[in-house]
Amino acid sequence: MTRFYISTPIYYINAEPHLGHAYTTMVADAVARAHRLMGEDVFFLTGTDEHGQKVERAAQRAGLRVPAFADAVAEKFRALLPLLNASNDDFIRTTEARHYASVQALWRRVRDRGYLYKGQYSGWYCTVDEVFVPETQLVNGRCPICGNAVEKISEESYFFRLSAFQQALLEHYHRQPDFVTPAIRRNEMIAFLEAGLEDLSVSRTSFTWGIPVPDDPAHVMYVWFDALTNYMTAVGYGALEPERRATFERYWPADVHLIGKEIVRQHAIYWPAFLLAADLPLPRRVVSHGWWLMDGAKMSKSKGNVARPHEYIARFGLDALRYFMFREMVFGQDANFADEAILTRYNADLANDFGNLVSRATTLIHRACEGRVPAPAAALLARPEEAHLRESTARLITQVVEAIRSFQLSVALRDTWEVIAETNRYLVTREPWKLAKAPDRHEELAASLYVAADTLRIVAELLRPFMPVTAERTLAMLGLTPSPDGWRGLEPGTLKAGTVLGETVPLFPRIELSVEDLRQMSTDTPVSSAPAVSTQTSAVPAVPTVESAVIAASPAPEPPGTARVAAQVEKISIDDFMKVELRVAKVLTAERVPKSKKLLKLHVDTGADQRTIVAGIAEAYEPESIVGRTIVVVANLQPAKLMGIESNGMVLAGSLDGGEPVLVGFDQPLAPGARVR
Ligand code: ME8
C-alpha cells in the first residue's frame, strides 16, 4: 500500500494558538484525509516546539517554571485538535523522552561523521524567530523576518558545516524540481544557496532550556536542530524497540513537510543538510503556504493581532470555517482574514448554493417519491443535460484529486462549487417541483431527482476531506453512509434506486445577523459537543463523529434585532416546549414600518388582549393582504423594541433557508386565543 507521511510545523508554545496555526493543521488534515480516501497508508503528524530562549522567556514573564508553563500551553495546542476535527495520527512534544533520544542520536551521528566543530559565535540573534542574523542582513538594525529587535550574543558554540553542502543541495534542487513549492520559494532557496553558505551555530551556552549536547552538557542544542528532528522522532528514529525501528523504515522519508512561508530556509536548506550529513534520506517535498493577514499585517503571536479559532467555530461552525479558509486562500499567496468575507461566503456558497440545493432535492424526493431515490429511465438519462452534468461530475473527481496533490484546495472547492452551480441550473431547467404536480410526467420527475441526488452523493464524497461532518450529514440525508472504499470506484450514475432517504435537516441555516452582531456575540460561546477524542497520541486516526458547530440562525427571517443565534440543535422536554405559549391570533390592522424593507407593524387580537407585534414578513406580504387573517403568535415573549416600536410577541412563519416567509395557518377556522401545541 502506498504510504503518505505529512507533517505540520511543530508550533512554539510561547503563546496560545491562533487561526494561522489552525489553518496549517486544517490543510494538512484535509490532505491527509484525502490520501486516506485514495487508499493510502497515511501518517499525519503535528505537535509543539517547546525549547529555546523564546519559550524560556515567555515562562519567566508568566511567572512559571518552564516545564509547568510548557505543559499548560502545549495542552492548548493539543486541545485545539479535536475542535478542528484534525485526524492526526500522533502529537509530538519536543520535551518528550523519545525526542531527546532521537535528537541526541542524530547529533552523535552528525558529529561522528565530522560535521560539527566547536568555535565562538559572535553576532546577532532574533529570539522571536530563533535565528542567527548575519550583520549584512539586518534591516535598520532589526530582524529581516519579523522586524523585531535583535540581540548581540557572543558565546562558545558548536558549528555545523553547512558550507559543505552547497553543491549537494543545489544538485538535489535540480534533480527534484518539486522539492520546494511553490516555485517562488524554490527560487529564493536556490538564490540563497548560490550566494554561498556559512557554517551554522547549532548550540547555545547562555541559557539551559534545551536538549543537552551529548558529552558536553554546558551546551544546549540550537532549537531548530532539535525541532526539525521531531519529524523523524515521531516515526521511530532513535528508538531501540524493533517495531519502532520498523516504523521508521516504513515512514521515513516524509512525503510532505507543510509549513508557512517564513520557515522555508530551515526546512529546505538546514534540515536537508543535517540529513545529508547524517546520510539519511531527505523529505520528498517542502510545501509552503502564505500568511493570513489581519488588516494587511501577518497574524502573529508576537504582534497579538490574532483571530481565535474557537470564536469562529462558535460563530459559523467548524466546517464553514474550514471551507472559508481553504477556499479563500489561493495556496502559496497571502490572504486577508475578514469577518465580512466569511459571512458572505457562508450565506452565498454554503447556505444558498449548497445547503439549499441539498434541502430542495431531498425535500422533493420525500414529497414526490415517498422518500426513496426514484428509478430513472435510461433514455431520459441519455438526454444532453443529464449527460453533461454526469460528465462534469466525473471530471470533478479527477480535478479534486489533482488539486489535492498540488495543495490547491481553493481550486478543488471552486471546481466543486461549479458542479453545485451546474446542478442548481439543471434543476431550474427540469423544474421537478412542477413535474411533481403533473402525474403524467412522473418519469421525467424521477430522472431529474435521481440525477440531482446522484450528483450530490459524489459532491458529498468529494467534500469529505474538506468538510467531514457536512459530507457525512449530506450523505445521511441521501440515506447513505460514507463509502468504505473512499474515492476508489467513485463514479456518477451508481446511486441505487430505492435508497431510503434520511431526514432532511438544514446544513447551513442562513445567518441574518450583521458582522457587528456576530462580533458582539459572546466570545466565550461554548463550543458544544467537541468530539470525544482525547487520544491524540495514539496511532489510531481520530475521527470525531459530531460537528462542533453551534451556530443556528433563526429559521424564518425575523426583524432585525430579534434574530437570535440559538444553541446547537438539542432535544428539549415537553415541559420546555410548553413554556412557549403559542396562540391563534387575528390580524386587525397592518402597516409597513417606515425605513424598513422587512418589517410590518401588526395590531392583533390574541383572544385575551389586543397588542402590537412587529414581524419580518414585509418582503412576502402586502399589509392589506393579511388584515383579517388568522395567524399563530408566540404570546409570552418578552417585549422587544424594533425600529423604535415595542413588539409584544412573534409571528410564526416557515421558510426554506433564505426563502421568503410563509405564514403558519389552519385548514379550518379557529378563534383567536386557541392554544397551539
Ligand atoms: O515557526 N498565516 O512555530 P510557530 C498562516 N516552531 N500560517 C501561520 C500564520 C499566519 N498568519 N501564523 C502562523 C515555528 N502560521 C517553529 C516551527 S517546525 C520544525 C518548527 C503557521 O509557532 C504556519 O504554518 O511560529 C507557520 O509556519 C507556523 O504556524 C509557525 O508556527
Side-chain angles (χ1 to χ4, degrees), residues 6-29 31 45-55 58 70 73-74 76-77 80 84 86 92-95 99 102-103 106 126-131 143 145-146 148 185 210-211 221-234 254 256-272 274-275 283 286-309 325-326 328-338 407 409:
I6 182 167
S7 63
T8 72
I10 48 170
Y11 305 111
Y12 286 130
I13 51 156
N14 59 311
E16 292 178 22
H18 59 69
L19 270 171
H21 307 110
Y23 173 71
T24 316
T25 303
M26 293 192 297
V27 170
D29 178 63
V31 172
L45 176 69
T46 187
T48 42
D49 184 356
E50 306 192 8
H51 293 125
Q53 215 165 4
K54 171 153 79 170
V55 171
V73 187
K76 299 208 166 165
F77 278 89
L80 180 62
L84 300 177
I92 185 162
R93 297 182 56 185
T94 52
T95 44
H99 185 62
S102 157
V103 178
L106 182 67
C126 169
T127 316
V128 172
D129 293 303
E130 298 280 16
V131 290
C143 170
I145 305 171
C146 65
N148 284 297
R185 304 293 157 225
I211 298 184
M221 288 181 208
Y222 173 41
V223 66
W224 277 100
F225 190 95
D226 156 355
L228 289 159
T229 310
N230 92 85
Y231 301 130
M232 291 205 303
T233 307
V256 177
H257 291 321
L258 178 68
I259 56 172
K261 67 179 181 182
E262 77 290 350
I263 51 174
V264 178
R265 187 188 305 171
Q266 289 87 339
H267 283 82
I269 292 182
Y270 299 169
W271 181 225
F274 297 158
L275 292 169
V286 175
V287 176
S288 68
H289 60 71
W291 289 337
W292 283 98
L293 311 176
M294 291 279 267
D295 303 321
K298 183 192 174 202
M299 191 187 293
S300 90
K301 285 181 281 208
S302 55
K303 288 202 197 78
N305 60 339
V306 297
R308 298 277 170 215
M325 295 192 91
F326 297 154
E328 194 75 6
M329 181 175 266
V330 175
F331 201 79
Q333 296 177 17
D334 294 347
N336 211 36
F337 191 86
F407 285 79
L409 273 56

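Treat the numbers as computed from the prediction; the structure is a model and nothing was measured. Atoms within a ligand are numbered from 1 in the order they appear, just like the ligands themselves. Residue numbers start at 1 and run along the sequence shown.
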CE of Met325 to CG of Leu409, rounded to nearest 0.5 Å, is 12.0 Å

Between the NE2 atom in His257 and the CD atom in Gln266, the distance rounded to the nearest 0.5 Å is 12.5 Å

Sequence neighbours excluded, the answer for side chain to side chain contact (heavy atoms under 4.5 Å, CB included) partners of Val128 is Lys54, Cys126, Cys146, Asn148, Ser302

One should read off an interatomic distance between Asp29 CG and Leu258 CG, to the nearest 0.5 angstrom, of 11.5 Å

Got a list of side-chain donor-acceptor pairs under 3.5 Å for residues 286-294, not counting sequence neighbours?
unit_1, atom_1, unit_2, atom_2, d
His289, NE2, Thr24, OG1, 2.9
Trp291, NE1, Glu262, OE1, 2.9

Per the under 4.0 Å non-hydrogen criterion, ligand 1 touches Pro9, Ile10, Tyr11, Tyr12, His18, Gly20, His21, Thr24, Asp49, Trp224, Ala227, Leu228, Asn230, Tyr231, Gly260, Glu262, Ile263, His267, His289, Gly290, Trp291, Trp292, Lys298, Met299, Lys301

Show which side-chain atoms of residues 8-15 pair as donor or acceptor with protein atoms under 3.5 Å away, not counting sequence neighbours.
unit_1, atom_1, unit_2, atom_2, d
Thr8, OG1, Thr46, OG1, 2.7
Tyr11, OH, His21, O, 3.3
Tyr11, OH, Thr25, OG1, 3.0

